[in-house]
Protein chains: 4
Amino acid sequence: MVSDPPRPARARSPEEKGQRRDDILRAAERLWAHTPYADLSMNQVARETKLAKGTLYLYFDTKEELFLALLTEHLGRWLEELTALLDERGPKTPGEVADVLVASTRGHEALRRLLILLGTVLEHNVSLELTLSFKREVRTLLQPVLDRVPLPQGVTLRLLMHLYALSVGWQQVTEEQPSTGYLRRQPELAFMFPSFEKELSFSLHAVVDRLVAETAQV
Amino acid sequence: MVSDPPRPARARSPEEKGQRRDDILRAAERLWAHTPYADLSMNQVARETKLAKGTLYLYFDTKEELFLALLTEHLGRWLEELTALLDERGPKTPGEVADVLVASTRGHEALRRLLILLGTVLEHNVSLELTLSFKREVRTLLQPVLDRVPLPQGVTLRLLMHLYALSVGWQQVTEEQPSTGYLRRQPELAFMFPSFEKELSFSLHAVVDRLVAETAQV
Amino acid sequence: MVSDPPRPARARSPEEKGQRRDDILRAAERLWAHTPYADLSMNQVARETKLAKGTLYLYFDTKEELFLALLTEHLGRWLEELTALLDERGPKTPGEVADVLVASTRGHEALRRLLILLGTVLEHNVSLELTLSFKREVRTLLQPVLDRVPLPQGVTLRLLMHLYALSVGWQQVTEEQPSTGYLRRQPELAFMFPSFEKELSFSLHAVVDRLVAETAQV
Amino acid sequence: MVSDPPRPARARSPEEKGQRRDDILRAAERLWAHTPYADLSMNQVARETKLAKGTLYLYFDTKEELFLALLTEHLGRWLEELTALLDERGPKTPGEVADVLVASTRGHEALRRLLILLGTVLEHNVSLELTLSFKREVRTLLQPVLDRVPLPQGVTLRLLMHLYALSVGWQQVTEEQPSTGYLRRQPELAFMFPSFEKELSFSLHAVVDRLVAETAQV
DNA sequence: CATGAATGAGCCTTCATTCAT
DNA sequence: AATGAATGAAGGCTCATTCAT
């Protein structure tokens, strides 16, 4: 029996409140790892956080907002990792940049699934204001990456959008179904089960090459 | 007073039953054109078809199955168009093939949105059997295309999977939100609103080129 | 142990549906007799009717609509009684009319409490259309009474509005509180606990007299 | 930048505590002017008072108590005005008294709406003790009026109860609904929209006359 | 005295699906 | 085959009140 992690009874200071908010996001994250959005109720999140349902709404106005915050977080974390990777590997050629980008997506399936949500569900019960501020924040978070990629900023932005589309697209295509094991083993259907990373890498390199070719040309 | 479209009170013969099934799909299609899946109830479909709710369940076991059938249909239609286009234009170079593929996606937003559903919602409340038969059917539908693309069959299959991922990915990224007008006009956010067809074309050509290069190399 | 009253499993014919609707209204009525609106949940109504919660919403779009329907019913019943009373007693003098009106209010506390609701809660979650049709229906229901009161129609309508205001007013003032017994027995507070019928009668006669005097004068 | 109105950080002396209590009542009053009871949350009152939610409960045990206090206040103010009016106009005839009473109701819609609450909501979550003390206080507040009306005290008390019932009744009947504009303009429904003051005056005069007649008779 | 985070029962309503007719 | 009334679990969310700080 594991005792509950110590947590102040009431989050009083801004730090504690941030911590509480974080607790909620962590709980949502744990559930999100293996539960589709529609099956994931605020009730569950509350139980997982060991908070009352109403308390959730002290920190997030709606379910959508909660998940938008989760997305923002994951996006931030990924961009941090990407930045670190760029610093570490100091990619000089476009191909190296592509490699780094692909490498950075590892272990971020949760993020990819959240990105799918973004277009599908989020931004529906969310105010225009929040959408705007989300997009602005994303733009800000992108800057360190832009500063480190040895390509013109506009090109890098376009490249990142391609990465976004490709990640989401390949995520959808390769998404693990409850019991696809049997299907996978049918030879004539094998082509329907590509490897996420392999194909992402393939297409991203293709895009980078073309982007570079086009840039050079101009 | 307009009389209802002639329809047998009861569908007895297989033809009539097929017709009834088709009526339902047509109704679902009309609604799907401007309604997200979550907002689209079986009740609405029933009303639109002018059938009772229960009747729907004589033709489709679940809501998911209905939409899976709709997806199959759209897929079929698109592949027909693509086949016709391939016959008509007789593309010889890979670049021409890419052009034809891109062209074939025009007017098929509904299909793209259904493909997003496929990974997100469909195949959840659907039996393994049905999933299998769906995938097999897709494989079959693909054959005429494979026969017409001047590339090795395996390469074409892979290319089609790339097209799938790219369509879905760019669809998500460029999906029109209720009121993105304002956001779109923010210059620093402009990069977030690319054109579906332009970017799809760009990345598909890139992928085709690379696919060809790799194939040649081997 | 009382066996459940026989009720068709499904209300199929219009009559049965009317019956089912009636069942719900009867249940709501029973609860309403001793429960304030705010404490009376749709859940309770469902339990009392022995129907599922969702079923209620097949017959009434909102809680408010249900109670508006209940009010309409009670109003109808009261007006029927009033009509019968007018026929029976054939009041000739205004004073006799007042007596009949007062007599007609006996046993209609539920109606009075519903009328209080009307201004307070109902007509809030109710469409303008429904409000309009409610008011029109009331106007229609009034006609038999207008036809039987030996006063000009305009005067009778005004009189009925006075009856409305007086009933509601005295209802509020004399409303039985959970445990007012003790208070009632304080002599210096006795004036705060008048008798509904006595005071209603008093003021209604006063109003009738004045109405007649004014009418004669013109 | 506007500095907050000066208010001690903590109310220590009885005066300060009375002041704090008053602040809360003022805030509730402002909100009450245009918000129905059900839509008026303690949260709003707290925000409007610029106090924390919990602080409200140091001064009032429940929401109902708060509004009962507000009612007491309004009642007190109205009775002061009425007293002043009685002094000023020195009404001699019962008709003049009625005129003064009607005149005194002007600008007191908030009070009338609170009186409706009294029967409907208040006195529910309120202790018997508080109810008793409220009623006693009302009795006390009434005395100055009783001393100035040229009628036997018992008659005046009864008259005041009639005024209470009539005010509440006509308030309910004439209460302005969100968008009754359209309904009001339907000629056959016009009788449903009488004027508060006109009808109150009419019925109060009627009652006064009868009260006098009855008194004389005895 | 003041705070405001936390509570949690409870609200109304929705909707895919079932099944008696 | 067709109907549509009935189901009932589940949903997101509110808010008066409490209590640790």
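Every chain is numbered from 1 and lettered A, B, ... according to where its sequence line falls, protein lines coming before strand lines.
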Heavy-atom nearest nucleotide on DNA chain E taken for B:N43 and for A:G54; more 5' hit belongs to A:G54
Residue whose nearest DNA chain E nucleotide is more 5′ - B:L40 or C:Y57:
C:Y57
Under 3.5 Å, is there an N or O donor on one side and an acceptor on the other linking the side chain of [X] and the base of [N]?
{"X": "C:R10", "N": "E:dA20", "result": "no"}
{"X": "D:R20", "N": "E:dC1", "result": "no"}
{"X": "A:K17", "N": "E:dG4", "result": "no"}
{"X": "B:K53", "N": "E:dT17", "result": "yes"}

Straight-line distance of C:T72 OG1 to C:F67 CZ, nearest 0.5 Å
12.5 Å
Atom pair CE (C:M42) and OG1 (C:T49), whose distance is rounded to the nearest 0.5 Å:
9.0 Å
For the side chain of B:Q44 and the backbone of B:D39, is there at least one donor-acceptor N/O pair under 3.5 Å apart?
yes
If only atom types and distance count, is the side chain of C:T35 paired as donor or acceptor with the main-chain N or O of C:L31 below 3.5 Å?
yes
Counting side-chain heavy atoms from C-beta on, which of [options] comes nearest to [X]?
{"X": "B:S41", "options": "E:dC15, E:dT3, F:dA5", "value": "E:dC15"}
{"X": "A:T55", "options": "E:dT18, E:dA6, F:dA16", "value": "E:dA6"}
{"X": "D:Y59", "options": "E:dC19, F:dG11, E:dA2", "value": "E:dA2"}
{"X": "B:L51", "options": "E:dT7, F:dT7, F:dT3", "value": "F:dT3"}
{"X": "C:A52", "options": "F:dA6, F:dA1, F:dG8", "value": "F:dG8"}

Rounded to whole Å, how long is the line connecting atom [atom1] of [X] with atom [atom2] of [N]?
{"X": "B:D23", "N": "F:dA1", "atom1": "CG", "atom2": "C1'", "answer": "14 Å"}
{"X": "B:D39", "N": "F:dG12", "atom1": "CG", "atom2": "C1'", "answer": "15 Å"}
{"X": "B:L31", "N": "E:dC15", "atom1": "CG", "atom2": "P", "answer": "13 Å"}
{"X": "A:R21", "N": "E:dA5", "atom1": "CZ", "atom2": "P", "answer": "14 Å"}
{"X": "D:M42", "N": "F:dT14", "atom1": "CE", "atom2": "P", "answer": "18 Å"}
{"X": "B:L58", "N": "F:dT3", "atom1": "CG", "atom2": "P", "answer": "9 Å"}
{"X": "D:L56", "N": "E:dC1", "atom1": "CG", "atom2": "P", "answer": "15 Å"}
{"X": "A:F60", "N": "F:dG12", "atom1": "CZ", "atom2": "P", "answer": "15 Å"}

Under the 6.0 Å and 45° cation-pi test, does D:K63 pair with D:Y37?
yes
Which atoms form the tightest heavy-atom contact between A:A33 and A:R113, and what is the distance?
O-NH1, 3.7 Å
Contact check, residues 61-68 of chain C vs DNA chain E, heavy-atom distance under 4.0 Å, returns C:T62, C:K63
Between C:E16 and C:R21, does a salt bridge (Lys or Arg N to Asp or Glu O under 4.0 Å) hold up when you go through it step by step?
CA-CA 8 Å; C:E16 280 169 349; C:R21 195 185 138 98; over 6 Å; no
Base partner of F:dG8, which must satisfy Watson-Crick or wobble distances under 3.5 Å
E:dC15
Using Watson-Crick or G-U wobble geometry with both distances under 3.5 Å, which nucleotide pairs with E:dT21?
F:dA2
Check: A:L56 and A:F60 side chains under 4.5 Å, non-hydrogen atoms
no
